2 protein chains.
Amino acid sequence: MEQQDRSYKDKKVITIGTVSELTGLTLRQIRYYEERKLIAPYRNERGTRKYSFNDIEILMDIADKREDGVQTTEILKEMRLKEKKRESEAAVKKKMLQGQLNAQFRYGRGKI
Amino acid sequence: MEQQDRSYKDKKVITIGTVSELTGLTLRQIRYYEERKLIAPYRNERGTRKYSFNDIEILMDIADKREDGVQTTEILKEMRLKEKKRESEAAVKKKMLQGQLNAQFRYGRGKI
DNA sequence: CGTGTAAGGAATTCTGACACG
DNA sequence: CGTGTAAGGAATTCTGACACG
């Protein structure tokens with residue numbers, strides 16, 4: 001169920017006009033942030049951009065930062081930093097699980 | 001978080017063309033099912049229909065039933081039945097919670 | 001009943017460019 | 001750098017209607 005809802009959040013199905021309404025950004029701004037690699041909408045056969053709810057969240061984040069005068073280059077760096085952070089946290093979590101698994105395996109073998 | 005994801009599922013932001021791709025139904029069919037009250041898309045200022053992921057699930061359900069030869073009138077009845085069921089289940093749940101609450105209250109008062 | 005289709009109009013989206021600062 | 005705007009074309013969506021069965 002959670003996995004299911006997650007797929008909704010990431011599904012790229014929203015047109016740029018709707019995104020504009022939802023974020024308050026102009027079409028020009030939204031396209032420009034794509035040019036600066038801040039977002040990556042899906043393109044259908046004829047080149048029409050489609051965004052996900054997650055993209056919308058990112059755009060609202062960008063809007064906030066732009067209002068604070070942060071340049072797109074800086075925003076991009078920040079986003080990459082956060083990505084790194086998430087990755088390293090995931091790595092730590094994986095390591096912990098691996099440790100538990102190993103311990104479990106040792107005990108399990110002892111009993112057999 | 002779950003509440004958050006739920007809102008994505010119910011947010012009407014998808015155009016009929018995308019819905020058509022996602023469900024495999026033609027525009028004509030999708031509009032017709034609306035005429036038969038099986039779905040109720042949102043209409044923006046200029047009358048363009050917008051659907052939610054939930055609407056898409058309903059449409060896929062409809063597609064299955066139509067393939068089995070079920071008429072739209074029947075499908076509508078089934079949907080209303082399911083709705084009743086959900087409501088009565090919710091009522092039962094509420095009653096149970098109310099009972100627990102009352103019991104809790106009695107004990108609580110006894111202790112005070 | 002459920003779906004296809006042609007019809008005409010209105011609004012959307014796309015790209016590349018010039019403008020301003 | 002970030003955003004506005006006019007330009008021209010292509011595709012979307014809408015409604016009401018006729019068709020078939």
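These numbers were taken from a predicted model, which means no experiment stands behind them. Order of the sequence lines sets the chain letters (A, B, ...), proteins ahead of strands, with each chain counted from 1.
- Under 4.0 angstrom from either OP1 or OP2 of C:dG2 there lies at least one side-chain N or O belonging to B:Thr72.
- At least one side-chain nitrogen or oxygen of B:Thr26 sits closer than 4.0 Å to the OP1 or OP2 atom of C:dG4.
- A donor-acceptor contact shorter than 3.5 Å links the side chain of B:Arg66 to the backbone of B:Val70.
- Taking atom CG of A:Leu76 as the reference point, atom P of D:dG2 lies 11 Å away to the nearest angstrom.
- Between the CD1 atom of A:Ile30 and the P atom of C:dT15 there is a distance of 14 Å, given to the nearest Å.
- When the nucleotides D:dT12, C:dT13, D:dT15 are ranked by their closest atom to the side chain of A:Arg46, D:dT12 comes out on top.
- Distance CG (A:Leu27) to C1' (C:dG16): 16 Å, rounded to an integer number of Å.
- Of the possible polar contacts, none joining the B:Ser20 side chain to the B:Ile16 backbone as a donor-acceptor pair under 3.5 Å is found.
- Taking every side-chain heavy atom of A:Tyr32 into account, D:dG2 is the closest of C:dA11, D:dG4, D:dG2.
- Backbone-only contact: B:Thr15 has heavy atoms under 4.0 Å from sugar-phosphate atoms and none from a base.
- Of the side-chain N and O atoms in B:Arg49, one or more sit less than 4.0 angstrom from OP1 or OP2 of D:dC14.
- In this structure, the nucleotide among D:dC14, C:dT3, D:dG2 sitting nearest to the side chain of B:Ile16 is D:dC14.
- A side-chain contact (heavy atoms from CB on, under 4.5 Å) with A:Glu89 is found for one member of A:Lys93, A:Lys85, A:Glu87 and no other, namely A:Lys85.
- As a whole-Å value, the separation of B:Glu35 CD from C:dG4 P is 14 Å.
- Distance A:Asn44 CG to D:dT12 C1': 11 Å, rounded to the nearest Å.
- Residue A:Ile39 contributes atom CD1, which lies 14 Å from atom P of D:dG2 at whole-angstrom precision.
- Across all strands, A:Arg31 comes closer than 4.0 Å to base atoms (heavy-atom distances).
- Closest approach to the B:Thr48 side chain among D:dT13, C:dT13, D:dA11 is made by D:dT13 (side chain taken as heavy atoms from C-beta onward).
- Taking the ring centroids of A:Phe53 and B:Tyr8, they lie under the 6.0 Å cut-off.
- Atom-to-atom, CD of B:Gln29 to P of C:dT5 comes out at 11 Å; the value is rounded to the nearest Å.
- Set against C:dG2, D:dT3, D:dT13, the side chain of A:Tyr33 has D:dT3 as its closest nucleotide.
- Distance alone, capped at 3.5 Å, is enough to place a donor-acceptor pair between the A:Gln29 side chain and the A:Thr26 backbone.
- Residue A:Arg28 is classed as a base contact, given a heavy-atom separation below 4.0 Å to a base.
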